[in-house]
Amino acid sequence: MTVKDSATVTMFASPASWIESDAVAQCHQVAALEGMIHVAGMPDLHPGKGAPIGAAMASSVLYPLLVGSDIGCGIAVFPIRLGRAAPEKLARRFPDLDRALDPERDADDPAWDVARDDIPAGHEEGLGTVGRGNHFVELARVATIEDPGHASRLGLSAGDLVLVVHSGSRGLGERILRAHTEVHGAGPAADPVAYLAAHDDAVRWGSLNRRLIAARVAHALGAEPTEAVVDQCHNLVEIHDGVYLHRKGAAPGDGRDVLVAGTRGTASYLVAAHAGAAANHSVAHGAGRKMSRADALRRGRAKHTVEQLRRTPVGSVVVCGDRQLLFEEAPTAYKRIEQVIADLVGHDLATPVATTIPLVTYKTPDLSDRQIRHNRESRQNRESRRERGRR
DNA sequence: ATGTCC
């Protein structure tokens with residue numbers, strides 16, 4: 001009989017941080033995988049589909065499922081210069097980011113200036129779209145400067161405006177993971193070199209997408225697009241010290257600057273990351289979900305009105321025509337970002353540089369009265385069809 | 001997370 005040793009699991013969270021036991025259990029399941037060396041759980045750890053979210057997992061074997069389907073997902077920060085305007089007014093000027101930029105039909109769109117001629121993997125579908133789930137584009141104000149020297153090297157001062165873009169590789173990453181799981185399920189990549197080549201395309205595509213999104217929004221708000229001061233991917237695999245380092249909802253922590261996203265109703269933290277080997281060179285990527293989407297929807301409907309959720313306690317405006325998503329992504333569905341940051345600082349993984357406060361958080365276009373009428377009519381038609389079917 | 005499972 002052989003007894004396989006499990007990899008080490010280290011949690012970078014204080015007892016004050018509530019970590020769901022299901023997520024810790026997932027870390028131990030991952031630790032038992034063949035070839036696994038070390039699992040580091042970040043303070044925003046929460047259960048994911050097949051793998052925990054908020055974890056960095058080092059292994060001698062490459063497991064595509066530990067990166068997930070949104071390969072290349074990340075958060076970028078773009079400075080933006082705007083005249084004075086109220087959040088409500090700016091919110092109405094955001095472009096429709098569910099509508100993809102078509103390289104032919106939209107050939108004249110100035111956002112392409114950031115793309116030059118290279119579209120990774122030639123994947124044109126969904127370019128310039130933000131996606132769903134926890135993805136967003138946010139116009140935010142730099143609120144506090146925690147490290148003046150570092151902030152000034154990034155060109156950031158209190159009061160400056162930035163666009164924070166959280167998005168990934170849309171259909172491309174999903175296609176890459178599906179091609180793997182259809183043959184190998186949760187097993188390792190049979191051809192790591194081939195997987196990594198496709199994966200690297202998705203990572204580049206995700207970064208390009210964030211730049212395109214920021215450029216679209218900047219133009220729509222009457223500003224010039226800028227280079228990102230921060231752009232870190234939190235779903236990827238890197239070869240680090242000769243092993244595969246899988247990050248799933250964990251940002252690179254080896255000397256890079258990372259925006260750790262709060263919620264649409266709380267601050268976000270730009271941090272200088274300096275996580276070592278024990279943390280698998282990684283830091284948290286956000287506040288982390290406290291409630292499942294189903295719980296957030298059920299409890300949110302009892303607790304909040306749509307109007308409350310569209311205007312947050314910090315006075316920012318949420319653009320989200322999808323009612324369900326509005327509840328699922330409510331600030332109360334997330335952990336306290338201050339505790340996540342305190343845990344990163346307490347474990348010496350990162351140092352705060354600046355905080356940002358949201359002005360406008362864009363998820364998906366608001367519905368026009370015409371669309372609301374149309375949706376209601378088609379729902380009634382569906383229901384009456386179903387009713388007729390029963391008779 | 002995802003041109004998504006009715």
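Chain letters run A, B, ... following the sequence lines, proteins first, then strands; residues in each count from 1.
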A:L245 and A:I71: same hydrophobic cluster, using ILVMFWY side-chain contacts below 4.5 Å?
no
Group every Ile, Leu, Val, Met, Phe, Trp and Tyr by side-chain heavy-atom contacts under 4.5 Å, then state whether A:L66 and A:L236 land in the same group.
no
Exactly one of A:R211, A:R256, A:R210 should register a salt bridge (Lys or Arg N to Asp or Glu O under 4.0 Å) with A:D231. Which one does?
A:R210
Take the protein atom [atom1] of [X] and the nucleotide atom [atom2] of [N], then report the distance between them rounded to whole Å.
X      : N     : atom1 : atom2 : value
A:H135 : B:dT4 : NE2   : P     : 17 Å
A:E182 : B:dT2 : CD    : P     : 18 Å
A:D102 : B:dG3 : CG    : P     : 16 Å
A:H123 : B:dG3 : NE2   : C1'   : 10 Å
A:D322 : B:dT4 : CG    : P     : 15 Å
A:L65  : B:dT2 : CG    : P     : 16 Å
A:W205 : B:dT2 : CH2   : P     : 10 Å
A:E328 : B:dT4 : CD    : C1'   : 13 Å

Within the structure shown, what part of the strands sits under 4.0 Å from A:R178 by heavy-atom distance: base, sugar-phosphate, or nothing?
nothing
Which is true for A:G68 with a 4.0 Å heavy-atom rule: it touches a base, it touches only sugar-phosphate, or it touches nothing?
nothing
Looking at A:H246 versus A:H240, is the centre-to-centre ring distance below 6.0 Å?
no
Has A:R170 got a side-chain N or O lying under 4.0 Å from the OP1 or OP2 atom of B:dT2?
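Looking at the OP1 and OP2 atoms of B:dT2, one of them is under 4.0 Å from a side-chain N or O of A:R170.
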